[in-house]
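Counting begins at 1 with the first residue of the sequence. Start at 1 and go down the list; that is how both ligands and their atoms are numbered.
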Amino acid sequence: MEIFKYMETYDYEQMVICQDKQSGLKAIICIHDTTLGPALGGTRMWTYDSEDAAIEDALRLARGMTYKNAAAGLNLGGGKTVIIGDPKKDKNEEMFRAFGRYIQGLNGRYITAEDVGTTVEDMDLIYQETPFVTGVSPAFGSSGNPSPVTAYGVYRGMKAAAKEAFGTDSLEGKTIAVQGVGHVAFTLCKHLHEEGASLIVTDINKEAVQRAVDAFGAKAVEPSEIYSVDCDIFAPCALGAIINDETIPQLKAKVIAGAANNQLRETTHGDLIHEMGIVYAPDYVINAGGVINVADELNGYNRDRAMRKVETIYDNIEKVIEISKRDKIPTYLAADRLAEERIERMRKSRSQFLLNERHILSQRVR
Ligand SMILES: NC(=O)C1=CN([C@@H]2O[C@H](COP(=O)(O)OP(=O)(O)OC[C@H]3O[C@@H](n4cnc5c(N)ncnc54)[C@H](O)[C@@H]3O)[C@@H](O)[C@H]2O)C=CC1
Ligand SMILES: O=C(O)CCC(=O)C(=O)O
């Protein structure tokens, strides 16, 4: 791929290619934009088909983090790392320590966290070499499992979207179809059940379904049936790209609000659901609870403070809906605009930000 051309088109700042023969580390750290602060984003370990595929993934994910962090109101830019390798076979202590030294070399421009294929144990190894890592063990001040926090953020965001669609943010009596009842969605179902919503659930894992049926009296359907069930709200909490040409004609919901990443297969699908009058809560705005939670570690983790920040996902979804109406655009574009407008505003007061950045990082250095 033409890396510089791509980086210029989407305004990337930096890419670091890391190679350590001894441990087998092959990593690509990508920093998209640090206007708001140091770039924070997880490290994904994956067996990519080609180096180009790994680079493309790092670039795409890093830019996504700029938007996610900006829309969440965090003083953080966007970055991400991919490590090329099989997380089940290729990991070793030296690899993550070597990677930690590369991060340290960036002197705080990039802060990592977990992502697909990496664990708390891996973050602990990185922490041996650098303070610029979040999601480490509780013994080192970690925020712990992010899923319940993400779930609470999705619940709050869903209420804001429901207010737009139904005139009230109460979910009592609403029927909510939940796709995938894994870590995030199980806790989400708990909040919805406690508020008096009726649940329809599906999962490819039968035990996960049974757990939700037993705990919340949910009705179970087959995975293929979840799009067409009679419901008020559809909550995708499993896979990406589930809003597409095949599923859109089946949808009966007035609201789409769930935890899954990259829900729209193509942006045109975001246009289509907008034209149908469906209120779509953009994925990276509503599922930001996880990153808000790990970002709080930079100030010495405080659960109450993190949860208060997660509450603001309600306001962020409201803001997105406001921009969507103001500019007559679909909500997925309104979310981008919310992020871009904040970055532009802060770019103008960058000198003021730098003080804040040094303050945060000084707390992190041991
Ligand atoms: N865990 C977190 O804090 C965050 C999670 N997310 C996203 O939220 C989604 C859920 O995350 P987790 O709950 O952590 O994952 P998870 O792996 O615990 O749950 C996903 C569930 O979806 C089910 N599933 C997979 N394919 C399916 C299909 N075709 N039909 C129905 N069910 C299917 C799985 O069996 C599993 O139970 C993912 O897309 C993840 O990327 C986003 C931000 C943060
Ligand atoms: O939530 C995390 O662990 C890190 C943030 C991140 O990389 C993400 O939200 O995708």
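For Q19, the side chain to side chain contact (heavy atoms under 4.5 Å, CB included) partners two or more places apart in sequence, or in a different chain, are K21.
Among residues at least two apart or in separate chains, side-chain hydrogen bond (donor to acceptor under 3.5 Å, both in side chains) pairs with a member in residues 226-236 are Q179-Y227.
Side-chain contact between L36 and R342: present, with at least one pair of heavy atoms (C-beta onward) separated by less than 4.5 Å.
Taking the six-membered ring where the residue is Trp, the centroids of F132 and Y102 are separated by 6.0 Å or more. You'll find the ring centres of Y152 and H191 inside the 6.0 Å limit.
Residues Y284 and K68 approach most closely at O-CG, 3.5 Å, considering heavy atoms.
If you take CD on E195 and OH on Y155, they are separated by 3.5 Å, rounding to the nearest 0.5 Å.
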Just list the N/O pairs, ligand 1 to protein, that are under 3.5 Å apart, with the distance for each.
from	atom 1	to	atom 2	distance (Å)
ligand 1	1 (N)	S147	OG	3.4
ligand 1	3 (O)	T150	OG1	2.7
ligand 1	8 (O)	A259	O	3.3
ligand 1	13 (O)	H183	N	3.2
ligand 1	13 (O)	V184	N	2.8
ligand 1	18 (O)	H183	N	2.9
ligand 1	18 (O)	H183	ND1	2.6
ligand 1	35 (O)	D203	OD1	2.6
ligand 1	37 (O)	D203	OD1	3.4
ligand 1	37 (O)	D203	OD2	2.7
ligand 1	39 (O)	A238	O	3.1
ligand 1	41 (O)	N261	ND2	3.1

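The aromatic rings of Y10 and Y12 sit perpendicular, their planes meeting at an angle over 60°, well past the 30° parallel limit.
Within 4.0 Å of ligand 2, protein heavy atoms belong to G41, G42, M65, K68, K80, A113, E114, D115, G290, V291, listed by chain and number.
T118 and D115 form no side-chain donor-acceptor contact under 3.5 Å, judged by distance and modelled atom types alone.
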